[in-house]
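Let me begin by presenting the structure, written as C-alpha cells, before commenting on it.
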Amino acid sequence: MTGCSHPPVKRFMGDPQNPYPLTAPPKVGDILHIPTGVLVTPEQMLSVAADARVVYVGETHDNPASHRLELDVLKAMEERHPGKAALGMEMFVRSQQPVLDRWVAGELDEKAFLRESHWFENWKMDFGYYRDLLVYAKEHRIPVIALNAEKDLAQAVSNMPLEELSPELKARLPEMDLGDPYQRGMAESIFAGHSHGKMMMDGFVRAQTLWDETMAESAARFLTSPQGKDRHLVVIAGGNHVGHGFGIPRRVFRRIPTSYVTIGGNEIAITRSEQPETMDVELPSYPNVSYDFLNFQAYEELPEPSVRLGIAYESTPDQRGMRVQSVLPNSNAERAGMKEGDILLALDGEPLKENIDLVYALKKKKLGQKSTLTVERDGKQLTLDVVFQKNEKPKHGKP
C-alpha cells in the first residue's frame, strides 16, 4: 500500500534564519546563540568562540560597539591560547603586510604607522575605531594579517569579465567561485530599485567575490604557513563578508576545513547625536542563521568626535605646507580668518609638510580646544587663532 502513496509534502516548521525566536524583545547587551535560541553571557560566548581555530566577527565599520566586541574576542583568544593568537583584517591589502609586521614589532609609532600604511587614503575610516584593537595586538606581539585584495585588481575585476583581464591581472587572482547563489541574491537585493543594469550588478558580484576569495585565501595561507600553523585566527570584516557564512567562512573552509565560529551584531538602538544614513535594502531570506552568536548593540559614536577645520587643501609641490583651495562657510577655518590661497605652515608650532601632518594633528585635538595656525599669505607669515567648535558634517576631503 505504501508503494502507491504519494511522497509527503515538505514543509518548513519556522524560519531557518531564526529557528528559535526569542519570547521577548531583545535588549542592548543581550547575546543570542541563534542555532539554539539560548541567551548567553559574554563569558559563555567567548569561551565557545575561543575553542575554534577561526573566529569571524562581522562588524559595522563605524560603530564603536563592534570594535569593542572584536577586542573582547581577540583578548579571549589570546588568554585561551597565549602567544598563539593572530588577527586578520579586511582593512589592509596584502602589500601593506610589511608595515603591519613593523607595527607589531614595535618599530613604528602611531603617526608613522598611519603614514606608511596610508590609512586615511586606503581605508578612510577614523583610526579611533581600530586603535585599541591594533594597540592590543602590538602590545602582545599578535601577528596582524592583511587579508584584502589590492585596489587596482578590484577595480579591474569590477569593470570587466575575468576572461578579459590581462595575463598579469589573471595571475594575481585567487581561485574564484562566482556561482554562489546567496552572494548573487545579496547583490540583487542591494541593486533592487536602483537604475543599475545587469553589467554593473555582475561587476559588483565579481568584486565582492574577489574580496571574499582573496581574504579567504590570505587566511588559509596564514593558517597553513610555518608562522600560523599552530595559531588561532580572529578575522574581522564587514558583516556582508561574514553573515550567513557564504562570504569568507565558506571560502576558507573550502581551502582548509577547520572549526570556526561566527559572531555579529544587530543595532537595535541609536545613541548617536546624528541620525545615521541608511540604505533601503530588503535582503533575501537565506536558508541558515546569520551568525552563531548575535550581539544586540546600540549604534554609537566615538566618545571624542573629531574636530575639523573645514577646508579643502592640497600639498604644495615643494612640501612646504598645505595650500588652502576653499574654506567652508561657518567653519572653524572661516572663523579663524583663513582664506583661499593661504599656505598652512604649522599647527601649534608643528610643521605641516604633508597630508598626514595636518590630519594627524587634528585627530589629537578636542572640541573646545584652541590652537595657533602659522600661515603664509601673499608672501608674508601670520598667525591665526582657531577655536575648535563642531562644524556641520562636511564632504569627504575637507578636514
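Of the options Arg102, Gln96, Lys111, a side-chain hydrogen bond (donor to acceptor under 3.5 Å, both in side chains) to Glu116 is made by Arg102 and by none of the others. Between Phe127 and the options Trp119, Tyr360, Phe120, a ring pair (Phe, Tyr, Trp, His ring centres under 6.0 Å) holds for only Trp119. For the side-chain contact (heavy atoms from CB on, under 4.5 Å) with His241, the qualifying choice from Ile236, Val235, Ile248, Leu147 is Ile248, the only one to do so.
Counting heavy-atom neighbours within 6.0 Å of Glu164 CD, excluding the residue itself, gives a total above 12. Within a 6.0 Å radius of CD in Gln325, other residues, nucleotides and ligands contribute more than 12 heavy atoms. The neighbour count for Asp378 CG, taken as heavy atoms of other residues, nucleotides or ligands under 6.0 Å away, does not exceed 12.
Proximity of His33 to Met45: side-chain heavy atoms (C-beta onward) are nowhere separated by under 4.5 Å. The shortest side-chain heavy-atom distance between Leu344 and Tyr313 does not fall under the 4.5 Å cut-off.
For residues 135-148, no residue pair satisfies the side-chain hydrogen bond (donor to acceptor under 3.5 Å, both in side chains) rule, not counting sequence neighbours. Residue pairs that meet the ring pair (Phe, Tyr, Trp, His ring centres under 6.0 Å) test with at least one member in residues 261-284, sequence neighbours left out, do not exist here.
Residues Ser66 and Gln297 come closest through the heavy atom pair OG-OE1, 3.9 Å. The heavy-atom pair separating Ala85 from Glu78 by the smallest distance is CB-OE1, 3.4 Å. For the residue pair Thr271 and Ala298, the shortest heavy atom distance occurs at CG2-CB, 3.9 Å. When all heavy atoms of Ala112 and Asp109 are compared, the closest pair comes out as N-OD1, 2.8 Å. Scanning both residues, Ala207 and Ala154, for their nearest heavy atoms gives CB-O, 4.5 Å. Considering all non-hydrogen atoms of both residues, Val252 and Ala219 come closest at CG2-CB, 4.1 Å.
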Worksheet entry | Criterion side-chain contact (heavy atoms from CB on, under 4.5 Å) on Gln44 and Ile31, from CA distance to verdict | CA-CA 10 Å; Gln44 289 169 330; Ile31 303 173; over 6 Å; no
Item to complete: Go through Tyr20 and Ile34 one step at a time and tell me if the side-chain contact (heavy atoms from CB on, under 4.5 Å) criterion holds.
Response: CA-CA 7 Å; Tyr20 295 96; Ile34 302 181; over 6 Å; no
Worksheet item: Hey, mind stepping through Ile256 and Val54 against side-chain contact (heavy atoms from CB on, under 4.5 Å) and telling me if it holds?
Response: CA-CA 11 Å; Ile256 170 175; Val54 188; over 6 Å; no
Item to complete: Take Glu79 and Leu46 through the test side-chain contact (heavy atoms from CB on, under 4.5 Å) and record every step on the way to the result.
Response: CA-CA 11 Å; Glu79 290 168 4; Leu46 295 173; over 6 Å; no
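Leu71 is connected to Ile142 through a chain of hydrophobic side-chain contacts under 4.5 Å among Ile, Leu, Val, Met, Phe, Trp and Tyr, so both are in one cluster. The hydrophobic clustering, which links ILVMFWY residues whose side-chain heavy atoms are closer than 4.5 Å, places Val375 and Ile343 apart. The hydrophobic clustering, which links ILVMFWY residues whose side-chain heavy atoms are closer than 4.5 Å, places Leu362 and Leu384 together. Tracing side-chain contacts under 4.5 Å through hydrophobic residues (I, L, V, M, F, W, Y), one never reaches Met125 starting from Val93; they form parts of separate clusters. Hydrophobic cluster membership differs between Val307 and Val387, with clusters built from Ile, Leu, Val, Met, Phe, Trp and Tyr side chains linked at under 4.5 angstrom.
A side-chain N or O of Ser218 and one of Arg94 form a donor-acceptor pair less than 3.5 Å apart. Donor-acceptor pairing under 3.5 Å is recorded for the side chains of Tyr130 and Glu59. Gln183 and Asp212 form a side-chain donor-acceptor contact under 3.5 Å, judged by distance and modelled atom types alone.
Note that CD1 of Ile311 is 9.0 Å distant from CE of Met322, once rounded to the nearest 0.5 Å. Atom-to-atom distance recorded for Leu114:CG and Trp123:CH2 is 15.0 Å, nearest 0.5 angstrom. To the nearest 0.5 Å, the span separating CD on Glu163 from NZ on Lys170 amounts to 7.0 Å. One distance of note links CG of Leu100 with CZ of Phe113; it measures 5.0 Å at 0.5 Å rounding. Between Asp72 atom CG and Glu43 atom CD the span is 9.5 Å, to the nearest 0.5 Å. The line from OG1 of Thr372 to CG of Leu347 is 8.0 Å long, rounded to the nearest 0.5 Å.
For the pair Arg68 and Asp132, the salt-bridge criterion is not met [side-chain N within less than 4.0 Å of a carboxylate O]. Using a 4.0 Å cut-off between charged nitrogen and carboxylate oxygen, Asp348 and Lys364 do not count as a salt-bridge pair. Residues Asp385 and Arg335 are not paired through a salt bridge, judged by the lack of any N-O separation under 4.0 Å between the basic side chain and the carboxylate. Under 4.0 Å is where a charged nitrogen must lie from a carboxylate oxygen, and between Asp342 and Lys339 no such pair does. We find that Asp318 and Arg320 are joined by a salt bridge, their nearest charged nitrogen and carboxylate oxygen being less than 4.0 Å apart. Using a cut-off of 4.0 Å between Lys/Arg side-chain N and Asp/Glu carboxylate O, Glu150 and Arg172 are scored as not salt-bridged.
A cation-pi contact, defined as under 6.0 Å to the ring centre and within 45° of the axis, links Arg272 to Tyr299.
Listed by chain and residue number, Glu213 satisfy the side chain to side chain donor-acceptor pair (under 3.5 Å) test with Arg255 (two or more places apart in sequence, or in another chain).
Between Tyr56 and Tyr260, the ring-plane angle classifies as perpendicular under the 30° and 60° cut-offs. The aromatic rings of Phe246 and Tyr286 are tilted relative to each other, their planes meeting at an angle between 30° and 60°.
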